[in-house]
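Written below as structure tokens is the structure these notes are about.
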Amino acid sequence: QVQLVESGGGLVQAGGSLRLSCAASERTWPTYAMGWFRQAPGKEREFLAAISWNGRSADYADSVKGRFAISRDNAKNTVYLQMNSLKPEDTAVYYCVVDYSIATINPNPRYWGQGTQVTVSS
């Protein structure tokens with residue numbers, strides 16, 4: 001069982017930046033793909049980004065491409081989501097996810113974190 005703990009959420013003004021972190025507990029984690037989803041009130045969960053186990057491949061949703069960047073540090077069992085130029089419509093609960101590969105992580109990843117709230121004020 002992979003346990004995921006997100007951190008770094010909070011309140012930020014429009015145009016600002018936040019960096020989310022997700023620490024994984026599983027020793028075999030470095031061989032998994034990692035990613036991020038979000039869910040805004042009244043909306044479906046939305047895929048944002050994913051990164052391969054070795055960090056060489058990444059995939060982004062069009063809605064965040066050019067503003068968000070995913071990265072990972074396998075030595076720390078941690079994946080990051082750098083979010084820049086934040087907009088009020090980015091307000092949501094952000095979830096860290098894990099799956100076997102970047103090809104299968106969207107739309108139904110195997111493991112989910114508990115989520116962290118991001119609120120962008122106008």
Pairs meeting criterion disulfide (SG to SG under 2.5 Å) with involvement of residues 44-98, two or more places apart: Cys22-Cys96

- request: Using the test ring-ring contact (aromatic ring centres under 6.0 Å, His included), find all partners of Tyr111 that sit at least two apart in sequence or belong to another chain.
  value: none

query: Can you list the residues that meet the ring-ring contact (aromatic ring centres under 6.0 Å, His included) rule with Phe37, with sequence neighbours excluded?
result: Phe47, Trp112

- request: Mind checking the CZ-CG spacing from Arg45 to Asn106? Nearest 0.5 Å is all I need.
  value: 12.5 Å

query: What's the spacing between Leu20 CG and Trp36 CH2 if we round to 0.5 Å?
result: 4.5 Å

Connected-component partners of Leu11 among ILVMFWY, side-chain separation under 4.5 Å: none

query: Given a cutoff of under 4.5 Å between side-chain heavy atoms of I, L, V, M, F, W and Y, with clusters grown through shared members, what are the other residues clustered with Val5?
result: none

- prompt: Would Leu48 end up clustered with Ile51 when hydrophobic side chains under 4.5 Å apart are linked, directly or stepwise?
  reply: yes

query: Is Val2 reachable from Ile102 through a run of I, L, V, M, F, W or Y residues, each pair having side-chain heavy atoms under 4.5 Å apart?
result: no

- prompt: Can any side-chain N or O of Asn77 pair as donor or acceptor with the backbone N or O of Ala23 at less than 3.5 Å?
  reply: no

Closest non-hydrogen atom pair between [X] and [Y], with its separation:
| X | Y | answer |
| --- | --- | --- |
| Thr78 | Ser21 | CG2-CB, 4.3 Å |
| Glu6 | Gln114 | OE1-N, 3.2 Å |
| Tyr32 | Arg72 | O-NH1, 2.8 Å |
| Ile105 | Pro109 | O-CD, 3.2 Å |

Partners passing side chain to side chain donor-acceptor pair (under 3.5 Å) against [X] (at least two apart in sequence or in another chain):
| X | answer |
| --- | --- |
| Glu89 | none |
| Arg19 | none |
| Tyr94 | Arg38 |
| Ser7 | none |

Please list every donor-acceptor pair under 3.5 Å in which a side-chain atom of residues 115-122 meets a protein atom from a residue at least two apart or in another chain.
from: Thr116; atom 1: OG1; to: Gly9; atom 2: N; distance (Å): 3.4
from: Gln117; atom 1: NE2; to: Ala92; atom 2: O; distance (Å): 3.4
from: Gln117; atom 1: NE2; to: Thr119; atom 2: OG1; distance (Å): 3.3

In a table with atom names and distances, give each donor-acceptor pair under 3.5 Å that connects a side chain of residues 79-87 to protein atoms at least two apart or in another chain.
from: Gln82; atom 1: NE2; to: Asn84; atom 2: OD1; distance (Å): 2.9
from: Asn84; atom 1: OD1; to: Ser17; atom 2: OG; distance (Å): 2.9

message: Can you confirm whether Leu4 sits close enough to Met34 that some side-chain heavy atom of one is under 4.5 Å from a side-chain heavy atom of the other?
response: yes

Residues 55-63 side chain polar contacts: donor-acceptor under 3.5 Å, at least two apart:
from: Tyr60; atom 1: OH; to: Ile70; atom 2: N; distance (Å): 2.8
from: Asp62; atom 1: OD1; to: Lys65; atom 2: NZ; distance (Å): 3.3
from: Ser63; atom 1: OG; to: Glu46; atom 2: OE2; distance (Å): 2.9

